[in-house]
Protein chains: 2
Amino acid sequence: MENKFRSSCPVTSAIDIVGDKWTLVIIKQMLTEDKKTFKGFTESSEAIATNILSSRLKMLEEFQIIKKEKLPNNKKVNIYTLTEKGLALAPTIIELTIWSTDNFRNYHPDMYSGDQIKMIKNDKENYINLLIKNYKEKNWLK
Amino acid sequence: MENKFRSSCPVTSAIDIVGDKWTLVIIKQMLTEDKKTFKGFTESSEAIATNILSSRLKMLEEFQIIKKEKLPNNKKVNIYTLTEKGLALAPTIIELTIWSTDNFRNYHPDMYSGDQIKMIKNDKENYINLLIKNYKEKNWLK
DNA sequence: CCGGATCCGTTTCGATACTG
DNA sequence: CAGTATCGAAACGGATCCGG
């Protein structure tokens with residue numbers, strides 16, 4: 001794969017991928033909401049348009065952040081799953097969740113309780129490892 | 001401030017802010033490259049257009065992620081600095097840097113050395129605390 | 001039905017010029 | 001220096017269509 005990045009700065013390169021609303025929404029949904037089909041993403045509360053979704057899935061696949069497969073017994077439905085590279089974004093997503101919860105709680109009375117976030121903070125590494133382990137067990141061994 | 005978010009999901013709300021290329025670029029530049037003036041941002045390698053920069057600074061200020069001030073002895077130059085809320089994004093930025101370095105190294109022969117990243121990983125919390133402490137010392141006590 | 005592709009009006013971007 | 005104004009180009013996103 002040739003270099004698709006505009007900038008030579010490492011963080012900025014990541015920003016070319018992550019600094020996009022829909023890309024982040026998709027990854028978050030895969031990681032924390034068990035979403036894995038085209039239909040599933042469109043049905044989410046965020047209501048992504050099909051053409052936008054299509055373009056983002058394609059991009060994420062090109063960067064090998066997700067992979068597309070079909071189940072052996074179902075030729076219709078495409079299953080999108082996070083690759084190792086995609087799962088490596090878990091810490092970033094978690095930090096973002098913590099930041100959002102800490103700073104915009106007043107907008108979201110229904111988000112994580114203080115205790116939940118405190119628990120995550122207290123054993124962040126473990127929490128992330130568990131999240132990744134669960135994801136793999138659920139999605140990688142068919 | 002009224003609720004400006006479209007979604008009730010905490011992470012998605014953060015994505016409304018962070019899921020934007022230029023927002024992330026600006027915060028990264030403030031945190032890791034000592035950028036703090038309008039001119040400074042435009043001169044960066046990322047070459048942000050002045051109208052886009054203007055709109056993003058305004059948005060970040062509204063969310064109290066940055067604040068705008070003038071130096072007492074200089075009425076011309078505006079100084080933008082990260083607030084406590086903005087500095088709380090440091091962990092997210094660092095995780096993003098690590099992810100990018102781990103996964104796109106081949107595109108960037110000039111980024112952090114393996115040893116540097118290893119050091120950051122080994123003592124992430126300390127590294128982040130130091131980054132924040134240094135930022136405050138440099139920018140908050142004039 | 002599912003997974004997209006296409007069309008098309010609307011919004012946003014972004015390069016440059018311009019102003020206080 | 002710190003932004004606005006302008007304007008063509010690009011992206012968005014809602015609706016619809018289409019192959020399997």
Side-chain angles (χ1 to χ4, degrees), chain A residues 4-7 9 12 15-26 29-30 33-63 66-82 139, chain B residues 4-7 12 15-27 29-30 33-63 65-82 139 142:
Chain A
K4 293 188 189 315
F5 297 114
R6 280 164 287 183
S7 164
C9 164
T12 308
I15 290 174
D16 277 348
I17 301 171
V18 174
D20 171 85
K21 186 188 166 179
W22 295 120
T23 298
L24 271 177
V25 166
I26 291 169
Q29 290 188 357
M30 296 180 81
E33 297 169 30
D34 268 345
K35 294 286 170 67
K36 59 190 71 167
T37 64
F38 196 94
K39 184 102 188 306
F41 296 122
T42 64
E43 283 171 351
S44 79
S45 60
E46 282 104 0
I48 181 169
T50 60
N51 51 348
I52 308 292
L53 175 58
S54 181
S55 77
R56 293 306 188 281
L57 288 173
K58 215 165 283 176
M59 176 200 175
L60 287 170
E61 205 185 347
E62 271 182 32
F63 280 115
I66 65 174
K67 61 177 185 294
K68 176 163 76 170
E69 294 165 308
K70 283 186 198 301
L71 296 177
N73 53 342
N74 188 334
K75 288 296 167 197
K76 289 195 287 194
V77 177
N78 288 323
I79 305 292
Y80 295 93
T81 46
L82 290 164
N139 298 288
Chain B
K4 292 189 188 320
F5 297 115
R6 282 164 285 182
S7 164
T12 308
I15 290 175
D16 277 347
I17 301 170
V18 174
D20 172 86
K21 185 186 166 179
W22 295 120
T23 298
L24 271 178
V25 166
I26 291 168
I27 293 171
Q29 290 187 356
M30 296 180 80
E33 297 169 29
D34 269 345
K35 294 286 171 66
K36 59 190 71 166
T37 64
F38 196 94
K39 184 103 189 306
F41 296 121
T42 64
E43 283 170 351
S44 78
S45 60
E46 282 103 2
I48 182 167
T50 58
N51 52 347
I52 307 292
L53 174 59
S54 182
S55 77
R56 294 304 189 281
L57 288 173
K58 216 164 280 175
M59 175 199 175
L60 287 170
E61 204 184 349
E62 271 182 34
F63 280 114
I65 291 166
I66 64 174
K67 59 176 187 294
K68 177 164 75 170
E69 296 166 307
K70 283 184 199 302
L71 296 177
N73 53 342
N74 187 336
K75 288 295 167 198
K76 290 193 287 193
V77 178
N78 285 324
I79 306 291
Y80 294 94
T81 46
L82 290 164
N139 298 288
K142 282 281 150 46

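Because only heavy atoms are used, hydrogens play no part in the values below, and waters and symmetry mates are left out as well, while side chains stay in. Residue numbers begin at 1 in each chain, while the letters A, B, ... track the order of the sequences.
B:Lys75 comes within contact range of no nucleotide atom at all, as no heavy-atom separation falls under 4.0 Å. The residue A:Thr42 sits apart from the nucleic acid: no heavy atom pair falls under 4.0 Å.
Counting to the nearest Å, the C1' atom of C:dG4 and the CG atom of A:Asn78 are 9 Å from each other. The CD1-C1' distance, from B:Ile26 to C:dG14, rounds to 14 Å in whole Å. One atom, CG of B:Asp20, and another, C1' of D:dC12, lie 14 Å apart when rounded to the nearest Å. When the P atom of D:dA15 is taken as reference, atom CD1 of A:Ile52 falls 14 Å away, rounded to whole Å. For the pair A:Ile79 CD1 and C:dG4 P, the computed distance is 11 Å after rounding to whole Å. Rounded to whole Å, atom P of C:dC2 lies 20 Å from atom CD of A:Glu69. Residue A:Asn74 contributes atom CG, which lies 12 Å from atom C1' of C:dC1 at whole-angstrom precision. Whole-Å rounding puts the A:Lys68 NZ to C:dG3 C1' distance at 9 Å.
One finds a side-chain N or O of A:Tyr80 lying less than 4.0 angstrom from the OP1 or OP2 phosphate oxygen of C:dG4. Using a 4.0 Å cut-off, some side-chain N or O of A:Lys58 falls inside it from OP1 or OP2 of C:dA5. A:Arg56 has no side-chain polar atom (N or O) that falls below the 4.0 Å cut-off from OP1 or OP2 of D:dA11. Between D:dG3 and B:Ser54, no contact under 4.0 Å exists linking OP1 or OP2 to a side-chain N or O. Proximity of B:Trp22 to the phosphate of C:dC13: no side-chain N or O atom is located under 4.0 Å from OP1 or OP2. Within the 4.0 Å cut-off from OP1 or OP2 of C:dC2, at least one side-chain nitrogen or oxygen of A:Lys39 is found.
Here A:Tyr80 contributes atom OH and A:Lys35 contributes atom NZ; the two are 15.0 Å apart, rounded to the nearest 0.5 Å. Within the model, atoms CD1 of B:Ile79 and CG of B:Asn139 stand 9.0 Å from one another, a figure rounded to the nearest 0.5 Å.
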Return a table of donor-acceptor pairs under 3.5 angstrom between the side chains of residues 47-60 of chain A and protein atoms on other chains or two or more places apart.
residue: A:Ser55; atom: OG; partner: A:Ile52; partner atom: O; Å: 2.9
residue: A:Arg56; atom: NE; partner: A:Asp20; partner atom: OD1; Å: 3.3
residue: A:Arg56; atom: NE; partner: A:Asp20; partner atom: OD2; Å: 2.9
residue: A:Arg56; atom: NH2; partner: A:Asp20; partner atom: OD1; Å: 2.9

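With a 6.0 Å radius and a threshold of 12 heavy atoms from other residues, nucleotides or ligands, B:Lys67 has its NZ atom above the threshold.
Partners of A:Glu43 under the side-chain hydrogen bond (donor to acceptor under 3.5 Å, both in side chains) rule, at least two apart in sequence or in another chain, are A:Lys39.
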Verdict with supporting geometry, B:Asn78 and B:Lys70, side chain to side chain contact (heavy atoms under 4.5 Å, CB included): CA-CA 5 Å; B:Asn78 285 324; B:Lys70 283 184 199 302; 2.7 Å; yes

Run the side chain to side chain contact (heavy atoms under 4.5 Å, CB included) test on B:Val18 and B:Thr23 for me, step by step, so that the C-alpha distance in whole Å, both residues' side-chain angles and the decisive distance to 0.1 Å come before the verdict. CA-CA 6 Å; B:Val18 174; B:Thr23 298; 5.8 Å; no

Given protein heavy atoms under 4.0 Å, the one-letter contact record of nucleotides 15-20 of chain C, with B base, S sugar-phosphate only and - none, is simply BBB---

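Mapping A:Lys76 and A:Ser55 onto DNA chain D via the closest heavy atom, the residue that lands nearer the 5' end is A:Ser55.
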